[in-house]
Amino acid sequence: MDRVRRCAADALAAYGVHPDATIELLNVSENATFLVSDPEAGLSVLRVHRLGYHTELEIASELAWMGALRAEAGVRTPRVLPARDGRQIVTVAERTGEAGHGEPGRGEPGRDAAGLAGGAERQCVRFEFLPGIEPAGETGGALAASHFAELGEITARMHRHASGWSRPAWFTRFHWDYAAAFGETARWGRWQDGIGVGPAERAILTRLDHVLRARLAAFGAGPARYGLVHADTRLANLLVHDGSISVIDFDDSGFSWYLYDLGTAVSFFEHSPEVPALVDSWLTGYHRAGQLPAEDQAEIWTFIMFRRLLLTAWIGSHRGVDFAAGLGAGYTRGSCDLAESYLSGHS
């Protein structure tokens, strides 16, 4: 994190921030997110990307869709704040030492050979700061229920835009299909390596894996069901302000089933007894701006369980993240309980 923080400071030099600007770590998950406080320009958010997760072109594609959604679909997303030279993405080299490090806004850092971290480079993006709070706590309380209909409507607008948008020729994002989630090179690791996965858990989750694969293959990936999605509309990536919802963090956006977005909306509290009512509210909102045939709705829990098993893998491969470690084996046990319930009606 010391290297990541230095990357953030180095990147801000390219933005010409005030010499007295400060940075404060907000969150670490796939990326590190910092709050930038500038006495003249105010607040902004700087995202420092993890190594090896996205190419610069993939990040540019994410930003292109965010801008198009805001301009063409009425979806509130944060604006990108460009660097002084107009770049939306600033690339900085990691440094291991403090020599010539500088502070935000104090010019370009020194770059002696001993200070560079083996040539590793990180991409950074600065966004406007959007006011607001997460719709509710981790268990999806009453406030979240009051906003799930709006989230459904926003999601339908995103899907409608994606299906008709003429993407730039260079646009590229990864897929969230079965192979990406659970194949030989699973993006977030193997669920079999999840915390607390022993013989009994492996048996039930293997059955779930097989049923998911079969049902997803039968569901198909035609253009009416599969396209560009946000892929992480969980509560932490929503901001409520003055009664409206903004959508942030499109870092996982890519190509998947449209229903996967509903699966992500209940991330980490899929087991809550409130989820069926929240799903109903989401569907009510979705139908205001889009269509979801009954045969698609019949597979909603397939996508909730797809996400749940994927998150079991994510927790296992992110043991160093406090949030993941806190969920631990309890999340795996809950996944097995949900799998038993799901398989009883979807074998």
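The model shown is predicted, which means the values in this text are computed figures rather than measured ones. The figures here come from the full heavy-atom set of this structure, side chains too, leaving out hydrogens, waters and symmetry mates.
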Pair Glu153-His287, side-chain hydrogen bond (donor to acceptor under 3.5 Å, both in side chains): steps then yes or no: CA-CA 7 Å; Glu153 183 176 353; His287 287 139; over 6 Å; no
Please tell me whether Tyr258 and Thr155 have a donor and an acceptor in their side chains that are separated by less than 3.5 angstrom. no
same_hphob_cluster(Val36, Met1) at 4.5 Å side-chain heavy-atom cutoff: yes
Any side-chain heavy atom of Thr233 sitting closer than 4.5 Å to one from Ile154? no
Check ion pair Arg47-Glu62 (N to O, under 4.0 angstrom): yes
Show the numbers, then the answer: is there a side-chain hydrogen bond (donor to acceptor under 3.5 Å, both in side chains) between Gln123 and His54? CA-CA 9 Å; Gln123 283 77 38; His54 283 305; over 6 Å; no
Just verifying a value: how many Å separate Leu309 CG and Leu338 CG, rounded to the nearest 0.5 Å? 11.5 Å
Determine, for Phe219 and Arg225, whether the Lys NZ or Arg CZ falls below 6.0 Å from the six-membered ring centre while staying within 45 degrees of the axis. yes
Row check, Tyr53 ring normal vs Arg187 NZ/CZ: under 6.0 Å, within 45°: no
Check Thr172 against Ser61 and note the closest heavy-atom contact, atom names and distance. N-OG, 2.9 Å
May I ask you to say whether Arg173 pairs ionically with Glu58, meaning some side-chain N is under 4.0 Å from a carboxylate O? no
Minimum side-chain heavy-atom gap Leu238-His147 below 4.5 Å: no
Under 3.5 Å side-chain donor-acceptor pair for Asp261 and His159: yes
Is there side-chain contact between Val45 and Phe34, with heavy atoms separated by less than 4.5 Å? no
Are Leu51 and Leu57 linked, directly or through intermediate hydrophobic residues, by side-chain heavy-atom contacts shorter than 4.5 Å (ILVMFWY only)? no
Looking at Val197, is its backbone amide N or carbonyl O close enough to the side chain of Arg202 to form a donor-acceptor pair, meaning the two atoms are under 3.5 Å apart? no
Could you tell me whether the side chain of Val90 reaches within less than 4.5 Å of the side chain of Tyr15, counting heavy atoms only? yes
Ser256 OG to Phe303 CZ distance, which is reported to the nearest 0.5 Å: 7.0 Å
Ile89 side chain near Cys124 side chain, heavy-atom distance below 4.5 Å: no
Check whether any side-chain N or O of His161 sits under 3.5 Å from a backbone N or O of Arg157 as a donor-acceptor pair, and report yes or no. no
How about Trp191 and Glu201: does a side-chain donor come under 3.5 Å of a side-chain acceptor? no
Please report the C-alpha distance between Trp314 and Glu30 in whole Å, then the side-chain angles of each, then the deciding distance to 0.1 Å, and finally whether the side-chain hydrogen bond (donor to acceptor under 3.5 Å, both in side chains) criterion is met. CA-CA 10 Å; Trp314 180 86; Glu30 301 303 320; 2.6 Å; yes
I'd like to know if the side chain of Arg308 reaches the main chain of Tyr331, judged simply by a donor and an acceptor atom lying under 3.5 Å from each other, with no hydrogens or angles considered. yes
What about Phe171 and Trp165, are their ring centers closer than 6.0 Å? yes
More than 12 heavy atoms of other groups within 6.0 Å of Glu128 CD: yes
So which heavy atom on Leu239 is nearest to which on Pro131, and how close? CB-O, 4.2 Å
Short N-O contact, Arg122 and Glu94, less than 4.0 angstrom: yes
Passes side chain to side chain contact (heavy atoms under 4.5 Å, CB included), Val266 versus Arg234? Steps please. CA-CA 6 Å; Val266 295; Arg234 58 194 175 95; over 6 Å; no
Heavy atoms of Leu208 and Met305 approach each other most closely as CD2-CE, 3.8 Å
When hydrophobic residues are tied together by side-chain contacts of less than 4.5 Å, even through go-betweens, does Val229 share a cluster with Leu283? no
Would you check if the side chain of Arg207 reaches a backbone N or O of Ile204 as a donor-acceptor pair within less than 3.5 Å? no
Contact summary for Gly189 and Ala313, nearest pair of heavy atoms: O-CB, 3.4 Å
Smallest separation among heavy atoms of Ile245 and Leu151, with atom names: CD1-N, 4.2 Å
Distance-minimising heavy-atom pair for Gly86 and Pro82: O-CB, 3.8 Å
Does the plane of the ring in Trp65 sit parallel, tilted or perpendicular to the ring in Phe250? Use 30° and 60° as the thresholds. perpendicular
Pair Thr312-Thr332, side-chain donor/acceptor within less than 3.5 Å: no
Counting only N and O atoms by type, is there a donor-acceptor contact under 3.5 Å from the side chain of Thr284 to the main-chain atoms of Asp280? yes
Lys/Arg-Asp/Glu bridge criterion (N-O < 4.0 Å) met for Glu299, Arg215: yes
If you define the side chain from C-beta out and look only at heavy atoms, does anything of Met66 sit under 4.5 Å from Val80? no
Establish, from distance only, whether the side-chain atoms of Ser44 and Arg126 form a donor-acceptor pair under 3.5 Å. yes
With a 3.5 Å cut-off and no angle check, do the side chains of Arg307 and Tyr260 form a donor-acceptor pair? yes
Establish, from distance only, whether the side-chain atoms of His241 and Arg76 form a donor-acceptor pair under 3.5 Å. no
Within the distance-only criterion (no hydrogens, no angle test), does the side chain of Ser246 pair as donor or acceptor with the backbone N or O of Thr77 below 3.5 angstrom? no
Trp257 vs Tyr226, test: ring pair (Phe, Tyr, Trp, His ring centres under 6.0 Å). Steps then yes/no. CA-CA 4 Å; Trp257 295 275; Tyr226 194 100; 5.3 Å; yes
Do Ile59 and Leu81 share a hydrophobic cluster (ILVMFWY, side-chain heavy atoms under 4.5 Å, transitive)? no
Interatomic distance, Arg95 atom CZ to Cys7 atom SG [nearest 0.5 angstrom]: 7.5 Å
With distance as the sole criterion, is a donor-acceptor pair present between the side chains of Gln297 and Tyr286 under 3.5 Å? no
Under 6.0 Å from the CG atom of Asp85, do we count more than 12 heavy atoms belonging to anything else shown? yes
Below 4.0 angstrom, N of the basic side chain to O of the carboxylate: do Asp10 and Arg5 qualify? no
Give me the ring orientation class for Phe174 and Trp176: parallel if the planes are under 30° apart, tilted from 30 to 60°, perpendicular past 60°. perpendicular
Rounded to the nearest 0.5 Å, the CG atom of Leu235 sits from the CZ atom of Phe148 at a distance of 5.5 Å
Step by step, would you call Leu46 with Val125 a side chain to side chain contact (heavy atoms under 4.5 Å, CB included)? CA-CA 6 Å; Leu46 183 72; Val125 180; over 6 Å; no
Within the distance-only criterion (no hydrogens, no angle test), does the side chain of Asp232 pair as donor or acceptor with the backbone N or O of Asp252 below 3.5 angstrom? no
Any chance you could measure Ile315, atom CD1, to Ser335, atom OG, to the nearest 0.5 Å? 7.0 Å
From His230 atom NE2 to Ile248 atom CD1, the distance as rounded to the nearest 0.5 Å: 8.0 Å
Hey, do the aromatic rings of Tyr178 and Phe306 have their centres closer than 6.0 Å? no
Considering only heavy atoms from C-beta outward, does the side chain of Val211 approach that of Leu343 to under 4.5 Å? yes
Answer with yes or no whether the hydrophobic clustering places Ile133 together with Leu130; edges join I, L, V, M, F, W, Y residues whose side-chain heavy atoms lie under 4.5 Å apart. no
